Number of protein chains: 2
Amino acid sequence: MSVEHIQQATDAFRVFLKRKDLKVTRQREILLRRIFQREEHFTVETLEEHVKGDGISRATIYRTLQLMRECGLIEEVDLGDGRRYYEHVFGHAPHDHLVCIDCNKVFEVPVGDISDLRKRIAQRLGFSPVGHSLRIEVRCEELRKHGVCNREAIKVL
Amino acid sequence: MSVEHIQQATDAFRVFLKRKDLKVTRQREILLRRIFQREEHFTVETLEEHVKGDGISRATIYRTLQLMRECGLIEEVDLGDGRRYYEHVFGHAPHDHLVCIDCNKVFEVPVGDISDLRKRIAQRLGFSPVGHSLRIEVRCEELRKHGVCNREAIKVL
DNA sequence: GTGGCTGCAAAGGATTTGCACTAAC
DNA sequence: GTTAGTGCAAATCCTTTGCAGCCAC
């Protein structure tokens, strides 16, 4: 994650907070930095790991993630295992997820053609699309045949 | 839901159970019938409502839904509110969901073009697709402009 | 100083699990 | 009869909330 993107996110969050008469606190700044420094996909649990030692409670993590979502800095991701995953939005192109149900690896694919598709689908019903979440489930052929999968996940959780 | 589809589902479930040396119980048969008779989208909670009086515990519902999922009779649906929804698979064409973030109505749209798309995406990475989940978020223009939405949801939860 | 923020611990809600009893085969 | 299934209640997991003290502004 580039320094500029972290800065961009930090600024956006500060502006958002000010506009809502909310405060820029130590905890909020640290969480934002950690999220944009280290992680692509994360859960509350992994994030808590990564701020261990910074003295930030889980309650604050939940509350802060909520704010960042409202601010549009992070998004919820459905990876199909029931857990709540997030990813930050700056610094990587929008993408969808391909999840292997054999080896559980997660691959990211550019949104590409789905943009047109979702627009067509929404317009057919008279709506304007504002977002989408697409998860494609796949199986490794290698795994099925030889019991191993050598394919590297583009992003491993 | 047509009688033939209920029969088809019942048979499939029985075969599945036998093959795994599991038992065809009163509870499993009732749950299957209720699911295929009445509901398109449902949660454990609504299902529990619909078998009230049949003496089936919540634990059994959870355990049975798990089996039906393995059997391929029902699927989990992501409607984006964190709750776990299911839908049965027989008797209606595969479809995706379009969720209005203004009025919370849910519309179903035929899978159509996404089949090709997901195949292309999966094959680009060397996988075979086995399923997908697509949720498109939209806003009602009417609601935004006039504070009301007269559009009928194709399937309301 | 004021009003929002935080940590803590308790509460909530959904789902899972251990166990003794019951039912399917 | 044997083996799995069920109901119940307890346990677990994740998330939210109430409150007293703390910190940004």
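Convention: sequence-line order gives letters A, B, ...; per-chain numbering from 1. Note that this is a predicted model, so its numbers are computed, not measured.
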Inset, instruction - Could you tell me the separation between the CG atom of B:L67 and the C1' atom of C:dT15, rounded to a whole number of Å? - result: 15 Å
Legend entry - Polar contact flag, side-chain donor to acceptor under 3.5 angstrom, A:H50-A:R34: no
Legend entry - Side chains of A:H97 and A:E87, donor plus acceptor under 3.5 Å: yes
Inset, instruction - Send over the distance from A:I56 CD1 to D:dC22 P, rounded to a whole Å. - result: 18 Å
Legend entry - Nearest-nucleotide pick for A:Y62, side chain only, options being C:dT16, D:dC14, C:dT6: D:dC14
Inset, instruction - Write down the distance between CD1 (A:I61) and P (D:dT16), rounded to a whole number of angstrom. - result: 13 Å
Inset, instruction - Consider the side chain of B:T60, meaning its heavy atoms from C-beta on, and name the nucleotide among C:dG7, D:dT6, D:dA9 that approaches it most closely. - result: D:dT6
Inset, instruction - Can you figure out which of C:dT6, D:dC14, C:dT15 approaches the side chain of B:R84 most closely? - result: C:dT15
Legend entry - salt bridge (charged side-chain N to carboxylate O under 4.0 Å, His left out) involving A:E75 - partner list, sequence neighbours excluded: none
Inset, instruction - List for me each residue that meets salt bridge (charged side-chain N to carboxylate O under 4.0 Å, His left out) alongside B:R63, sequence neighbours excluded, and say none if there are none. - result: none
Inset, instruction - Please report, rounded to the nearest Å, how far the C1' atom of C:dC5 is from the CZ atom of A:F13. - result: 12 Å
Legend entry - Most 5' of B:T64 and A:R58 on DNA chain D, judged by nearest nucleotide: B:T64
Legend entry - Separation of atom CD in A:Q27 from atom P in D:dG21, rounded to whole Å: 18 Å
Legend entry - Helix axis bend for the helix from C:dG1-D:dC25 to C:dC25-D:dG1 - C1'-based end axes, five pairs, 10° rounding: 40°
Inset, instruction - Not counting sequence neighbours, which residues clear salt bridge (charged side-chain N to carboxylate O under 4.0 Å, His left out) with B:E70? List them please. - result: B:K20
Legend entry - Gap between atoms NZ and P, on A:K20 and D:dC25 respectively (whole Å): 17 Å
Legend entry - Atom pair distance, as rounded to whole Å: CG in A:L47 and P in D:dC14: 14 Å
Legend entry - Minimum heavy-atom distance A:L17-A:K23, with the two atoms named: CD1-O, 3.7 Å
Inset, instruction - Give a yes or no on whether a donor-acceptor pair under 3.5 Å exists between the nucleobase atoms of C:dG4, that is its base, and the side chain of A:R63. - result: no
Just the table, please: protein N/O against nucleotides 21-25 of chain C N/O, every pair under 3.5 Å.
| unit_1 | atom_1 | unit_2 | atom_2 | d |
| --- | --- | --- | --- | --- |
| C:dA24 | O3' | B:V24 | O | 3.4 |
| C:dA24 | N3 | B:K23 | NZ | 3.2 |
| C:dC25 | OP1 | B:V24 | N | 3.1 |

Legend entry - Donor-acceptor side-chain pairing of A:H88 and A:H5 below 3.5 angstrom: no
Inset, instruction - For B:E48, check salt bridge (charged side-chain N to carboxylate O under 4.0 Å, His left out) against everything at least two apart and list the hits. - result: B:R58
Legend entry - Pairwise side-chain contact, B:L65 with B:I35, heavy-atom cut-off 4.5 Å (strictly under): yes
Legend entry - Whole angstrom value for the distance that separates P of D:dT6 from CG of B:L65: 12 Å
